[in-house]
Amino acid sequence: KAAIALGALAVLAGGAYFGWQYFKPKEYKVYEALIAVRSQANADPVEDAKNSLKAGDVILALPEGHRWSDTEKVSYLILRMNLTEEQTRTLVSPEEKKAVAPKPKTEEEKKQAAERKKAEGDRDRMETVRARRYRIKLEELDKNFDPNILLEKQPYLDKIYDWKIVEKKPKI
């Protein structure tokens, strides 16, 4: 009976631990997001999507208090945002899809493909479709946002924003 009671206690303790891990409150902290205010462009539409940042794309997000260079301060918008670590990673992540490798034709190509598969394991190879999956809705900050204001000051550092000003980009 003692062994059954001990086993039941272990199951309950394990369940409580995993329940806490799953339902515990997320840890938020203030980050500073460096945001593109002008869209880059490439004449090739595929390369443009893969490599060009667009207005509203987050370049990087660092803990509050980072010392930005003068060039960064006048070239990019800096917003203070209350986010989780996962949200900061999401903001700077590209949109990806599973890469489809061409069928090997020669014996040498087959050998190289087998070696590559062995080295990579069972992980799918991914390719970038778009430089960022999410963007900051700049139009919600100011309907007539003018990037030239950054030459004078960072206009929104007095407020802390949250995920509500983020949107997922529509599928390409």
Side-chain angles (χ1 to χ4, degrees), residues 20-102 112 116-117 119-172:
W20 169 251
Q21 292 299 313
Y22 185 76
F23 292 109
K24 74 179 178 182
K26 291 183 166 87
E27 293 182 30
Y28 287 84
K29 67 183 198 183
V30 178
Y31 290 86
E32 292 177 358
L34 191 70
I35 302 160
V37 292
R38 293 178 176 86
S39 294
Q40 300 169 337
N42 185 313
D44 178 344
V46 173
E47 287 303 312
D48 183 58
K50 284 183 181 183
N51 300 311
S52 299
L53 292 173
K54 303 301 178 191
D57 287 353
V58 177
I59 298 166
L60 70 147
L62 298 172
E64 182 179 38
H66 177 75
R67 294 184 56 152
W68 301 102
S69 72
D70 289 340
T71 301
E72 290 165 328
K73 290 176 188 175
V74 299
S75 302
Y76 305 104
L77 180 64
I78 300 169
L79 289 185
R80 295 169 59 219
M81 298 184 71
N82 195 33
L83 303 167
T84 66
E85 271 189 56
E86 182 180 348
Q87 288 173 325
T88 62
R89 285 190 301 273
T90 299
L91 278 175
V92 298
S93 65
E95 183 177 324
E96 296 178 316
K97 71 175 185 177
K98 185 177 173 182
V100 179
Q112 289 173 349
R116 190 169 42 252
K117 184 167 176 79
E120 293 174 359
D122 288 337
R123 289 178 281 128
D124 289 330
R125 290 185 61 196
M126 302 300 283
E127 68 177 317
T128 298
V129 175
R130 182 170 23 201
R132 295 289 185 269
R133 286 186 296 165
Y134 291 85
R135 68 178 291 271
I136 301 299
K137 297 182 273 189
L138 296 176
E139 57 280 0
E140 285 199 12
L141 299 174
D142 184 347
K143 296 280 185 229
N144 300 309
F145 175 75
D146 180 5
N148 291 322
I149 195 171
L150 300 176
L151 296 171
E152 299 170 26
K153 65 176 182 165
Q154 283 290 325
Y156 305 110
L157 290 177
D158 58 334
K159 184 173 179 191
I160 298 176
Y161 296 88
D162 60 23
W163 196 256
K164 291 176 187 157
I165 64 164
V166 176
E167 72 177 346
K168 188 171 186 174
K169 293 180 177 181
K171 291 281 184 190
I172 293 179

What do you reckon, is NZ of K97 surrounded by more than 12 foreign heavy atoms closer than 6.0 Å?
no

Parallel, tilted or perpendicular: which describes the rings of F145 and Y156, with under 30° parallel and over 60° perpendicular?
tilted

Pairwise side-chain contact, V129 with E96, heavy-atom cut-off 4.5 Å (strictly under)
no

Can you name the closest pair of heavy atoms from P147 and V37 and give their distance?
CB-CG2, 3.7 Å

Exercise: identify the closest heavy-atom pair between D48 and Q40:
OD1-O, 3.6 Å

For salt bridge (charged side-chain N to carboxylate O under 4.0 Å, His left out), just list the numbers for K169 and D57, CA-CA rounded to whole Å, side-chain angles, deciding distance to a tenth of an Å, and then say yes or no.
CA-CA 10 Å; K169 293 180 177 181; D57 287 353; 2.7 Å; yes

Heavy-atom check, side chain of D142 versus side chain of I149, under 4.5 Å
no

Testing the basics here: between P94 and T128, what is the closest heavy-atom pair and its distance to 0.1 Å?
CB-CG2, 3.9 Å

Go through the steps for L141 and Y161 under the test side-chain contact (heavy atoms from CB on, under 4.5 Å), then give the verdict.
CA-CA 10 Å; L141 299 174; Y161 296 88; 3.4 Å; yes

Applying salt bridge (charged side-chain N to carboxylate O under 4.0 Å, His left out), which residue pairs with at least one partner in residues 83-93 are found, sequence neighbours left out?
E85-R89

Please name the pair of heavy atoms, one in R130 and one in E95, separated by the smallest distance, quoted to 0.1 Å.
NH2-OE1, 2.7 Å

dist S75:OG -> I35:CD1 (nearest 0.5 Å) comes out at 14.0 Å

Looking at side-chain heavy atoms only, is the closest gap between M81 and I136 below 4.5 Å?
yes

Drop me the distance from I160's CD1 to Y31's OH, to the nearest 0.5 angstrom.
13.5 Å

Check: W163 ring centre within less than 6.0 Å of Y134 ring centre:
yes

Heavy atoms of S52 and A131 approach each other most closely as O-CB, 3.9 Å

Atom pair NZ/OG1 of K29 and T88 - distance to nearest 0.5 Å
8.5 Å

Using a strict 4.0 Å threshold on nitrogen-to-oxygen distance, state whether K50 and D44 make a salt bridge.
no

Are any of the side-chain heavy atoms of V166 and T90 separated by less than 4.5 Å?
no

Taking the side chain as C-beta and beyond, is there a heavy-atom pair between L91 and L83 under 4.5 Å?
yes

Find the distance between CG (L79) and NZ (K159) and round it off to the nearest 0.5 Å.
10.0 Å

Using side-chain heavy atoms (C-beta onward) and a distance below 4.5 Å, is N51 in contact with N42?
no

Which pairs pass salt bridge (charged side-chain N to carboxylate O under 4.0 Å, His left out) with one or both residues in residues 58-69, sequence neighbours excluded?
E64-R80

At their closest point, which heavy atom of N82 faces which heavy atom of Q87, and how far apart are they?
O-OE1, 4.3 Å

Would you find a donor on one side and an acceptor on the other, under 3.5 Å apart, between the side chain of R132 and the backbone of I59?
yes

Regarding E32 and W68, is there a side-chain donor-to-acceptor distance under 3.5 Å anywhere?
yes

Considering residues at least two apart in sequence or located in another chain, which fulfil the ring-ring contact (aromatic ring centres under 6.0 Å, His included) criterion with Y76?
none

